[in-house]
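All remarks here apply to the structure that follows.
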Amino acid sequence: MPRTVKILEGLHAVGGSGISSTGDCMVYLIEAFDGYVLIDAGVDAGAIVDNIASIGIRPVSIQALILTHCHIDHVGGAKMFEDLGAEVLAHPLDADAIESGDPVRLALDYYSVLYSSVNVTRKVEDNERLSYHPFEIEVIHTPGHTPGSISLAVEMDGHKVLFGQDIHGPFNDSWDSSIPEWRRSMERLIDMDADILCEGHYGIIRPSENVREFIQGFLGTY
Ligand SMILES: [Zn+2]
């Protein structure tokens with residue numbers, strides 16, 4: 001049975017634990033006037049596509065899929081959205097793995113699935129602003145978990161929403177993880193003082209005091 005979680009007017013969780021297939025990261029959908037924007041694609045897009053359709057949105061209306069990093073639980077479903085017509089965006093430092101399907105950098109051994117590679121048609125850099133009317137989505141390069149990990153921030157309905165995705169790690173030398181870089185990235189996210197954090201596996205954290213406490217909690221762990 002399809003499931004989604006409405007976070008704000010125009011913002012939904014459409015994939016993730018208890019929402020779509022086991023192993024999917026949290027997948028978020030922003031309703032822009034000129035088409036929908038999807039943040040990450042899960043490991044298997046089938047249930048996510050059903051969820052999106054269940055709230056009256058045609059999956060072919062997704063204009064952009066922003067991949068926060070190259071791990072299979074975030075990019076495994078990308079091919080289906082590419083085939084439906086979405087432009088695929090990612091940071092250049094992770095885009096090469098997404099395009100080549102490098103099994104080590106994709107962490108394929110964590111999941112027994114096949115990966116169909118996609119073309120990253122738009123490489124996004126730190127501080128870039130992506131316009132999806134009426135929203136401006138800010139790209140924040142947050143290396144650490146992987147070299148090309150990005151976070152995204154957007155003002156919606158009077159709230160500053162941060163899509164931090166894999167804030168919690170983990171870290172692995174074979175992914176070129178860097179805990180010192182991750183610590184700097186997390187300090188930067190704390191300084192953004194977001195009202196709502198949409199995380200990659202832990203779901204939706206609010207208000208701002210809880211967002212700060214959540215990130216600081218992981219900083220205290222590593
Ligand atoms: Zn990851």
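Index from 1, following the sequence. Counting starts at 1 for both ligands and their atoms, following the listed order. Below, each value reflects all heavy atoms present in this structure, side chains not excepted, and no hydrogens, waters or symmetry copies.
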Query raised in the report: With a 4.5 Å heavy-atom cut-off, do Val118 and Leu65 have their side chains touching?
Result: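 Not in contact.
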Requested in this report: Taking Arg183 for its side chain and Tyr222 for its backbone only, find out whether a donor-acceptor pair lies under 3.5 Å.
Outcome: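 Side chain of Arg183 to backbone of Tyr222: a pair is present.
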Query raised in the report: If you measure from NE2 on His201 to NE2 on His168, what distance do you get to the nearest 0.5 Å?
Result: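 Reported value, rounded in 0.5 Å steps: 4.5 Å.
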Query - In the protein, N/O/S atoms that are found under 2.8 Å from the Zn ion (ligand 1), waters not counted - result: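 Under 2.8 Å from the Zn ion (ligand 1) - ignoring waters, which are not counted - the protein N, O or S atoms are His69 NE2, His71 ND1, His145 NE2, Asp166 OD2.
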Report task. Dump the intermediate steps for side-chain contact (heavy atoms from CB on, under 4.5 Å) on Asn172 and Tyr110, then the final yes or no. Result -> CA-CA 12 Å; Asn172 191 314; Tyr110 279 53; 3.9 Å; yes
**Report entry** Inter- and intrachain pairs under salt bridge (charged side-chain N to carboxylate O under 4.0 Å, His left out), touching residues 79-92, at least two apart
**Finding:**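 Sorted pair list: Lys79-Glu82, Lys79-Asp83.
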Query raised in the report: Between the side chains of Asp166 and His71, does any donor sit under 3.5 Å from an acceptor?
Result: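 Distance-only check fails for Asp166 and His71.
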